[in-house]
Participant: 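Mind having a look at this structure? Questions to follow.
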Amino acid sequence: MKKFRCTMCNFIYEGGKAPDKCPRCGAPKEKFEQIPEDKAKLIERSKLSNGLHMHLATLLEEVTQVATKGINDNLDPACVAIFTKAKEQAHLLRQFIKAEIQVHISKGKWG
Ligand SMILES: [Zn+2]
């Protein structure tokens, strides 16, 4: 599948040819440029990993919410220590994921 990038807003359109206007910003089709095939393949190759990163980030958000409930419940110090550790590690991993996604975007592994 060919990919076309809107040079005004970075929206990526997938199809046989550029759309008549950008679905996101309304720019005319002249504002679209085709993404070269090798770069389009890199985007496709990266989709699974990108999706896994986003899924993991969502799960880590849930870990944070569960851990926060445990901290607030405050049953005993050993429980709170575990929940606190879980919350800290979930936050750290989410920051790793955000940084990695930014690397993917800067290297054209996103689209
Ligand atoms: Zn656009």
Side-chain angles (χ1 to χ4, degrees):
M1 175 115 30
K2 291 179 183 173
K3 295 183 194 298
F4 301 87
R5 183 190 313 274
C6 173
T7 57
M8 304 303 288
C9 76
N10 283 321
F11 176 84
I12 293 177
Y13 180 85
E14 296 176 327
K17 60 184 179 65
D20 288 336
K21 68 176 193 174
C22 178
R24 179 163 184 246
C25 74
K29 67 176 172 225
E30 294 74 28
K31 295 293 183 184
F32 275 84
E33 61 182 18
Q34 186 174 350
I35 296 174
E37 196 171 323
D38 59 329
K39 293 199 163 123
K41 279 184 178 167
L42 183 60
I43 290 170
E44 288 300 318
R45 172 61 188 88
S46 306
K47 272 189 176 170
L48 175 61
S49 232
N50 289 337
L52 294 173
H53 280 303
M54 290 192 291
H55 187 178
L56 195 52
T58 301
L59 294 173
L60 289 165
E61 179 58 35
E62 193 174 344
V63 168
T64 298
Q65 290 170 9
V66 169
T68 300
K69 283 183 190 170
I71 292 166
N72 293 340
D73 185 42
N74 198 20
L75 179 63
D76 60 54
C79 293
V80 171
I82 291 168
F83 295 134
T84 300
K85 186 81 172 169
K87 188 173 180 177
E88 289 168 359
Q89 293 300 310
H91 177 75
L92 186 62
L93 281 171
R94 281 206 320 277
Q95 295 306 102
F96 287 175
I97 289 169
K98 286 182 211 169
E100 185 61 23
I101 287 172
Q102 286 189 331
V103 170
H104 285 207
I105 291 169
S106 72
K107 289 185 172 176
K109 294 178 178 175
W110 193 277

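Heavy atoms only: backbone and side chains are in, while hydrogens, waters and symmetry mates are out. Everything numeric here is computed off the predicted structure, so don't read it as measured data. Whatever order the structure lists them in is the order used to number ligands and atoms, beginning at 1.
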Participant: Would you call the rings of H104 and H53 parallel, tilted or perpendicular, where under 30° means parallel and over 60° means perpendicular?
Facilitator: perpendicular
Participant: Find out whether K87 and T68 are in side-chain contact, i.e. whether some heavy atom of one side chain is under 4.5 Å from a heavy atom of the other.
Facilitator: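 With C-beta onward as the side chain, the pair touches.
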Participant: List in chain and number order the residues that pass side chain to side chain contact (heavy atoms under 4.5 Å, CB included) with I12, two or more places apart in sequence or in another chain; answer none if no residue qualifies.
Facilitator: K3, R5, I35, I43
Participant: Taking 4.0 angstrom as the limit, do K47 and E44 come out as a salt bridge?
Facilitator: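 So K47 pairs with E44 through a salt bridge.
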Participant: Any heavy-atom pair between the side chains of I101 and I105 that's under 4.5 Å?
Facilitator: yes
Participant: So, does S49 use its side chain to make a donor-acceptor pair with the main chain of S46 at under 3.5 Å?
Facilitator: no
Participant: Mind listing the protein N/O/S atoms less than 2.8 Å away from the Zn ion (ligand 1)? Waters don't count.
Facilitator: C6 SG, C9 SG, C22 SG, C25 SG
